[in-house]
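Here's the structure, in structure tokens; my notes come after.
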Amino acid sequence: MTAGVRQEPREATCPRTPRRTRLPALLALLIGLAGVGYRLALLLADAPPTNSDEATMGLAALHIARGDGFPVWFYGQAYMGTLEAYLAAPLVALAGPSVLVLRLPTLALYALFLALSWRLTRRLGGDRWFALLVVAVLALGSDRVVKNQLIAGGGYPELNPAGVALALLTVSLCAGVAGARLPRRAAAAGAEAAGTAATGVAAAGAAARLVRWAGWGLVSGLLLWADPLILPFVLALGAVLAGSRRRELIGRAGAALAAGLLLGAAPMLLDSLRHGRNPLVAVLTASGADAAATWGERLYGGLVLGPPLALGFCSPGHCAGWQLWWAPTFVMLLALATTAAWRTLRRTLPPADLGHFPFAANDNCPRSGDDPAGATGRRVSAAVRLALLAGAGAVLAAYTASSAAGRTPVESARYLSVLAVAMPALLWPLRAAARRAGLWPSPRHRDEATGSDRPGHHVDEPEPFNAGDRMRTRAAGVVAVAVLAGMLGTGAVATAGTIGGVPATHAEADRHRVLVDALGDLNLRHVRAGYWTCNRLAFASGEEVRCAVVDDDLRPGFDRLPEYRRAVDADPDAAWVAPAGSPLAARLDGRLGPGPGTLRMVEVPGWRIYLPRR
């Protein structure tokens with residue numbers, strides 16, 4: 001068993017790690033900048049189209065900036081926190097209300113999502129080329145994807161970066177132990193100095209670790225307040241953390257986590273205590289669980305349309321038949337990735353305990369008997385990947401079981417936007433198959449997470465033994481590369497379709513600006529309009545115009561800010577506003593006339609303003 005083993009000086013066994021190629025990182029940076037630049041160009045062109053719900057979040061930001069109120073929930077409901085409004089409030093205070101100002105924080109959140117996804121992929125053991133692939137997939141932007149990422153309508157832009165951050169914190173807390181590198185540092189210093197240095201390093205390491213525990217709790221609390229859609233990921237990652245560090249959680253770490261969780265969820269908890277409201281009940285009530293939808297409609301909307309729409313493989317507003325190839329592929333990848341992560345976790349589990357493993361940081365040469373980036377690194381990677389996949393599966397299952405998947409599958413696919421958090425884990429089998437077949441770039445240096453320095457080899461990927469195995473391995477690799485190419489190609493086509501719709505969106509935004517100017521020129525301060533018009537007018541005018549909602553039959557509708565209706569009802573000269581050609585405009589046209597009690601019309605491009613005659 002010892003044949004071929006020779007003693008070498010310690011310096012020979014712990015060489016300085018060679019400089020790694022910077023090409024994948026440079027390409028990832030360029031692609032990431034292109035993804036952010038593409039989205040910034042969309043924002044400057046008024047895309048994606050805004051709506052009254054986004055304007056409602058803008059009004060909350062405006063009120064916060066003025067000090068007129070500090071809303072906890074999206075106006076008119078007792079769920080979905082106003083985190084986006086608080087992020088945008090300083091910009092609104094500086095530059096005034098506008099859709100661009102409201103969306104700049106969401107653009108920053110998307111950039112953060114890309115950076116954290118790169119880092120998470122690397123920490124899970126993926127090489128730089130695999131991290132580049134993940135960034136490239138996430139840089140694409142179809143209609144549904146950019147809406148989820150950029151529209152500040154509540155709950156979606158912040159979920160993905162926060163979910164990835166939570167996964168990164170989980171990896172860090174499971175894989176690291178405060179003071180793990182202390183013996184080497186102590187040995188390098190003199191015996192007397194080492195004692196002092198060791199104390200300082202241990203204290204700093206313990207403090208930093210407590211900060212990470214508190215950060216995990218804070219991010220979880222903010223997520224639960226912002227939108228409970230992310231709850232399956234929080235629970236799954238929390239289970240990994242509890243299983244790996246359960247003893248540590250009993251002490252100060254658990255207190256730090258609890259303090260962070262309470263701080264992040266404080267707005268939700270304080271409001272619930274003050275008003276006796278349960279946000280979870282409000283979410284279930286609003287989910288449409290009592291609406292009619294057959295199981296066939298739900299399965300089609302949830303499993304066939306849902307994944308392609310949510311992950312960016314469909315054209316604007318619909319999925320063509322050929323774009324639905326991703327639906328069965330997604331389900332198969334979810335199953336394959338879950339199986340692979342589970343097998344890796346079982347192979348690397350110690351006999352008695354899942355937690356408290358020594359784990360050295362990247363590129364540190366271990367002492368004899370240590371397990372720095374070996375089985376421990378693979379164990380942590382597999383556990384976190386399994387948690388991400390479990391979260392994705394639970395989100396998909398919950399959405400498929402809801403009536404929203406059957407009744408409004410195209411618009412409701414936004415509920416699946418959090419599936420992007422699991423992208424590194426989901427694509428893992430494709431990378432593994434391509435790597436085994438020799439169709440993946442081979443790392444020339446030590447892998448940061450796995451410690452493997454054999455080109456083209458990964459410890460989780462057994463090498464083929466015979467010609468039959470090699471043929472099957474090669475075929476699997478070709479299929480994996482084809483799927484990856486199909487993802488990038490389909491996503492690029494969907495992104496191009498989104499770009500093609502920008503001119504029409506920009507023209508509509510220009511017409512709306514003309515409408516706001518016309519209301520100002522007519523000195524109109526109170527109007528009645530449909531739901532999708534009202535709050536958009538109020539935000540665009542900085543609340544110079546206040547609007548009460550009416551339906552197509554001129555009956556009162558749903559006002560998210562009841563004070564607007566009171567102001568409109570008190571004004572006998574309140575006007576009406578309707579899009580040209582809409583059912584509301586047709587109904588109001590019937591009230592046009594020359595006599596008292598009738599209406600006269602002022603027409604602007606795309607809109608009609610109806611003024612009462614006296």
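None of the values given here were measured: they were computed from a predicted structure.
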Donor-acceptor pairs under 3.5 Å, side chain of residues 87-104 to any protein atom, not counting sequence neighbours: which ones?
| from | atom 1 | to | atom 2 | distance (Å) |
| --- | --- | --- | --- | --- |
| S98 | OG | V101 | N | 3.1 |
| R103 | NE | E54 | OE1 | 3.4 |
| R103 | NE | E54 | OE2 | 2.8 |
| R103 | NH1 | A47 | O | 3.4 |
| R103 | NH1 | P48 | O | 2.8 |
| R103 | NH2 | P48 | O | 2.9 |
| R103 | NH2 | E54 | OE1 | 2.8 |

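- Rounded to the nearest 0.5 Å, atoms CG (L416) and CG (L309) are 9.0 Å apart.
- Between the E297 side chain and the T294 main chain, a donor and an acceptor come within less than 3.5 Å of each other.
- Note that the OG1 atom of T121 and the CG atom of L168 stand 9.0 Å from one another [nearest 0.5 Å].
- L430 CG to L333 CG: the interatomic distance, rounded to the nearest 0.5 Å, is 4.5 Å.
- The backbone N or O of P71 lies less than 3.5 Å from a partner atom in the side chain of T82, making a donor-acceptor pair.
- H526 meets the ring pair (Phe, Tyr, Trp, His ring centres under 6.0 Å) test with no other residue; sequence neighbours excluded.
- A 4.5 Å side-chain heavy-atom check between L166 and F233 finds every atom pair outside the cut-off.
- For the pair L120 and L388, the minimum side-chain heavy-atom distance is below 4.5 Å.
- Of all heavy-atom pairs between A310 and S417, the closest is CB-N, 4.3 Å.
- Between P429 and L336, the shortest heavy-atom distance links the atoms CG-C, 4.0 Å.
- A 4.5 Å side-chain heavy-atom check between R128 and W118 finds at least one atom pair inside the cut-off.
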(message) Run V604 and R511 through side chain to side chain contact (heavy atoms under 4.5 Å, CB included) and show every step you take.
(response) CA-CA 8 Å; V604 297; R511 290 193 294 270; over 6 Å; no
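- Residue pairs meeting the side-chain hydrogen bond (donor to acceptor under 3.5 Å, both in side chains) criterion with at least one partner in residues 316-328, sequence neighbours excluded, are S315-Q323, W325-T490.
- Interatomic distance, CZ of R560 versus SG of C534, reported as 12.0 Å (0.5 Å rounding).
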(message) Go through it in stages, so that I can follow the logic: the residues are R144 and E411, the test is side chain to side chain contact (heavy atoms under 4.5 Å, CB included), and I'd like the CA-CA distance, side-chain angles, deciding distance and then a yes or no.
(response) CA-CA 8 Å; R144 182 69 270 165; E411 185 60 30; 3.5 Å; yes
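- For D551, the salt bridge (Lys or Arg N to Asp or Glu O under 4.0 Å) partners are R555, not counting sequence neighbours.
- For the pair M423/S117, no side-chain contact is recorded, criterion being any heavy-atom separation below 4.5 Å from C-beta on.
- Scanning both residues, P409 and G406, for their nearest heavy atoms gives CD-O, 4.0 Å.
- For the side-chain hydrogen bond (donor to acceptor under 3.5 Å, both in side chains) condition, the pairs that include at least one residue of residues 58-72, sequence neighbours left out, are H63-Y75, H63-E543, R66-E543.
- Under the 4.5 Å side-chain criterion, counting only non-hydrogen atoms from C-beta, L554 is in contact with W576.
- Residues T400 and L299 meet the side-chain proximity criterion, which asks for heavy atoms closer than 4.5 Å.
- Contact detail for G302 and P307: the closest heavy-atom pair is O-CD, 3.2 Å.
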(request) Would you check, one step at a time, whether the test side chain to side chain contact (heavy atoms under 4.5 Å, CB included) holds for L140 with V145? (result) CA-CA 8 Å; L140 297 169; V145 166; over 6 Å; no
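- When all heavy atoms of V395 and Y415 are compared, the pair lying nearest together is CG1-O, 4.0 Å.
- For R513, the salt bridge (Lys or Arg N to Asp or Glu O under 4.0 Å) partners two or more places apart in sequence, or in a different chain, are D46, D510.
- To the nearest 0.5 Å, atom CG of residue L169 and atom CG of residue L237 are 10.0 Å apart.
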Please table the atom pairs, donor to acceptor, closer than 3.5 Å between any side-chain atom in residues 220-232 and protein atoms at least two apart or in another chain.
| from | atom 1 | to | atom 2 | distance (Å) |
| --- | --- | --- | --- | --- |
| S220 | OG | W216 | O | 2.9 |
| W225 | NE1 | V72 | O | 3.1 |
| D227 | OD1 | L229 | N | 3.0 |

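- Pairs engaging residues 151-161 under the side-chain hydrogen bond (donor to acceptor under 3.5 Å, both in side chains) rule: Y156-R414 [sequence neighbours left out].
- Every residue two or more places apart in sequence or in another chain that forms a side-chain contact (heavy atoms from CB on, under 4.5 Å) with V481 is listed here: A434, L439.
- Without hydrogens or angle criteria, T498 side chain to D143 main chain gives a donor-acceptor distance under 3.5 Å.
- In this model, a donor atom of one side chain and an acceptor atom of the other lie less than 3.5 Å apart for S403 and R298.
- R528 and Y610 share no side-chain donor-acceptor pair at under 3.5 Å.
- Between the side chain of R119 and the backbone N or O of A115, no donor-acceptor pair lies under 3.5 Å.
- Under the ring-ring contact (aromatic ring centres under 6.0 Å, His included) criterion, the residue pairs touching residues 493-517 are H512-W607, with sequence neighbours excluded.
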(request) Let me see the working for D53 and Y531 under side chain to side chain donor-acceptor pair (under 3.5 Å), right down to the final yes or no. (result) CA-CA 9 Å; D53 281 346; Y531 176 85; 2.5 Å; yes
(request) Give the C-alpha distance, both sets of side-chain angles, the deciding distance and a yes or no for side chain to side chain contact (heavy atoms under 4.5 Å, CB included) between V146 and T495. (result) CA-CA 9 Å; V146 295; T495 300; over 6 Å; no
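- Note that CG of L537 and CG of L524 are 10.5 Å apart. Values are rounded to the nearest 0.5 Å.
- A distance-only check finds a donor-acceptor pair linking the side chain of D559 to the backbone of V549 [under 3.5 Å].
- Side-chain contact between R39 and L150 is present, with heavy atoms from C-beta onward closer than 4.5 Å.
- Every residue two or more places apart in sequence or in another chain that forms a side-chain contact (heavy atoms from CB on, under 4.5 Å) with A327 is listed here: P308.
- Scanning all heavy atoms of the two residues, the minimum distance from A494 to C314 falls at CB-O, 3.1 Å.
- Contact check for M268 versus Y79: no side-chain heavy atoms found under the 4.5 Å cut-off.
- For A538, the side-chain contact (heavy atoms from CB on, under 4.5 Å) test picks out L59, Y564, with sequence neighbours left out.
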